[in-house]
Amino acid sequence: MKNLFCVKDRVVVITGATGVLGRSMVLHFAEEGARVVLIGRKEEVGHALEQQAIEQGGDAMFLAADVLDREQLERAYEKIMERYGRIDVLINGAGGNMAGATIAPDKTIFDLSMEAFRGVVDLNLFGTVLPTMIFARAMVAQGGGSIINIASESALRPLTRVAGYGTAKAAVVNFTKYLCGELASKYGDGFRVNAVAPGFFLTEQNRTLLTNPDGSLTPRAETILAHTPFHRFGRPEELLGTLQWLASDASCFVSGTVTVIDGGFDAFSI
């Protein structure tokens, strides 16, 4: 019987691969037999992760590139095509926040830094659009592929403080749905574009926002968990089943969707 969830030998490109969530994705797809291309800016971390993926039996290649630098992405594209000749899956995992684009409890919207706001939108939105424009060319040439964008809970339900990040991720959701129609209507039904919207996962970027130096929860973290039916933060590996589904033939008629992975946060009310 055919394994619908098999991703063996598929070329999976992951941007933001050196982050906490990206690292989990890399090791998972390598273990599943995919050919994993790691895109990131942290060369030392990237090469170490590449080696770890290879040591566990996978096929991996790290390429240093900034998702906002077209020339660097073009060079990465050339190296991918030279080595593998195709791209089957693109996971747009690069993203992040900046302090100036966040409204602290003692601040107001009038204190928002437009420079930081623009930087957050650039990273999360244009850092999704530009890699898609570069890497999806291979998919068009081969007649199909799966693009998976990383959105956020804040794209669906505006959260306090994260003004820039929520706005940018909401745009990523809109772009996901637009691109679903754009690719399928012009190039056929072999193209799928979906997004996942993680809830609250502890990463290096939000650790100081959610935990105190002694490891205890901040008041914001306590509020989050009070509104999460699972009463805990997500673990990076809990994204992987959904990503594998979207990367595999198991989701061959699924496009333009946003899958929420949040322990029930989005569904909960009081």
Side-chain angles (χ1 to χ4, degrees), residues 14 16-28 91-109 111-113 116-117 120-121 123-125 127-128 148-174 176 194-246 257-270:
I14 303 173
T18 56
V20 172
L21 301 182
R23 178 182 182 277
S24 178
M25 297 175 199
V26 167
L27 296 178
H28 169 76
I91 301 177
N92 283 308
N97 201 3
M98 296 180 185
T102 299
I103 309 298
D106 60 341
K107 303 292 183 180
T108 73
I109 186 64
D111 298 302
L112 182 70
S113 164
F117 191 98
V120 171
V121 172
L123 175 57
N124 292 279
L125 177 57
T128 293
I148 307 169
N149 296 325
I150 306 301
S152 168
E153 184 73 60
S154 62
L156 311 177
R157 298 180 64 182
L159 306 176
T160 59
R161 302 194 190 184
V162 289
Y165 186 76
T167 300
K169 288 300 190 181
V172 169
V173 169
N174 186 280
T176 298
N194 294 285
V196 298
F200 294 90
F201 291 71
L202 270 179
T203 66
E204 293 310 311
Q205 285 190 336
N206 66 17
R207 190 173 300 277
T208 56
L209 183 66
L210 300 178
T211 61
N212 296 308
D214 64 0
S216 61
L217 296 180
T218 63
R220 185 173 178 82
E222 291 176 347
T223 300
I224 290 168
L225 296 189
H227 289 80
T228 302
F230 278 26
H231 298 295
R232 64 174 175 83
F233 295 118
R235 307 181 185 101
E237 61 270 20
E238 290 173 324
L239 295 174
L240 302 177
T242 300
L243 292 174
Q244 176 130 356
W245 169 58
L246 293 173
T257 70
V258 182
T259 301
V260 180
I261 309 171
D262 68 352
F265 181 93
D266 187 58
F268 185 76
S269 185
I270 189 168

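Note that the coordinates shown come from a computational prediction; the quantities given were computed from them, not determined experimentally.
Side chains of L240 and M25 form a contact here, defined as non-hydrogen atoms less than 4.5 Å apart. Looking at T160 and R220, their side chains come closer than 4.5 Å, going by heavy atoms from C-beta outward. Considering only heavy atoms from C-beta on, T223 comes within 4.5 Å of H227 through its side chain. With contacts defined as side-chain heavy-atom distances shorter than 4.5 Å, the pair V260/L156 qualifies. In this structure the side chain of T108 reaches within 4.5 angstrom of the side chain of D111, judged on heavy atoms.
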Checklist line | side-chain contact (heavy atoms from CB on, under 4.5 Å) assessment of F200 paired with L225 | finding: CA-CA 9 Å; F200 294 90; L225 296 189; over 6 Å; no
**Report entry** Audit row: N194, T257, side-chain hydrogen bond (donor to acceptor under 3.5 Å, both in side chains) steps and yes/no
**Finding:** CA-CA 5 Å; N194 294 285; T257 70; 2.7 Å; yes
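For the atom pair CZ of R157 and CZ of F265, the computed distance is 5.0 Å after rounding to the nearest 0.5 Å. With rounding to the nearest 0.5 angstrom, the CG atom of L210 is 8.0 Å from the CG atom of L217. From L239, atom CG reaches atom OG1 of T259 across 11.0 Å, with rounding to the nearest 0.5 Å. In this structure, D106 CG and I103 CD1 are separated by 10.5 Å, a value rounded to the nearest 0.5 Å.
In terms of heavy-atom proximity, L159 sits nearest to S154 at CD1-CB, 3.7 Å. Among all heavy-atom pairs drawn from G100 and L112, the shortest one is O-CD1, 3.6 Å. In terms of heavy-atom proximity, A168 sits nearest to L125 at O-CB, 4.5 Å. Residues A151 and V173 approach most closely at CB-CG2, 3.7 Å, considering heavy atoms. Listed here is the closest heavy atom pair of F201 and P236: CD2-N, 3.9 Å. A170 and A155 make their closest contact through N-CB, 3.5 Å (heavy atoms, listed as atom of the first residue, atom of the second, distance).
Other residues, nucleotides and ligands place more than 12 heavy atoms under 6.0 Å from the CZ atom of F268.
Between T102 and N97, the side chains place a donor N or O and an acceptor N or O closer than 3.5 Å (distance only, hydrogens not considered). There is no side-chain donor-acceptor pair under 3.5 Å between E237 and H28. A donor and an acceptor atom, one from each side chain of T176 and N149, are located under 3.5 Å apart.
Considering V196, N124, N92, V172 in turn, V196 is the only one that fulfils the side chain to side chain contact (heavy atoms under 4.5 Å, CB included) rule with I150.
Distance alone, capped at 3.5 Å, is enough to place a donor-acceptor pair between the D262 side chain and the G264 backbone. Listed for the T228 side chain is no donor-acceptor partner under 3.5 Å among the backbone atoms of H231.
E238 is linked by a salt bridge (charged side-chain N to carboxylate O under 4.0 Å, His left out) to R232, R235, counting only residues two or more places apart in sequence or in another chain.
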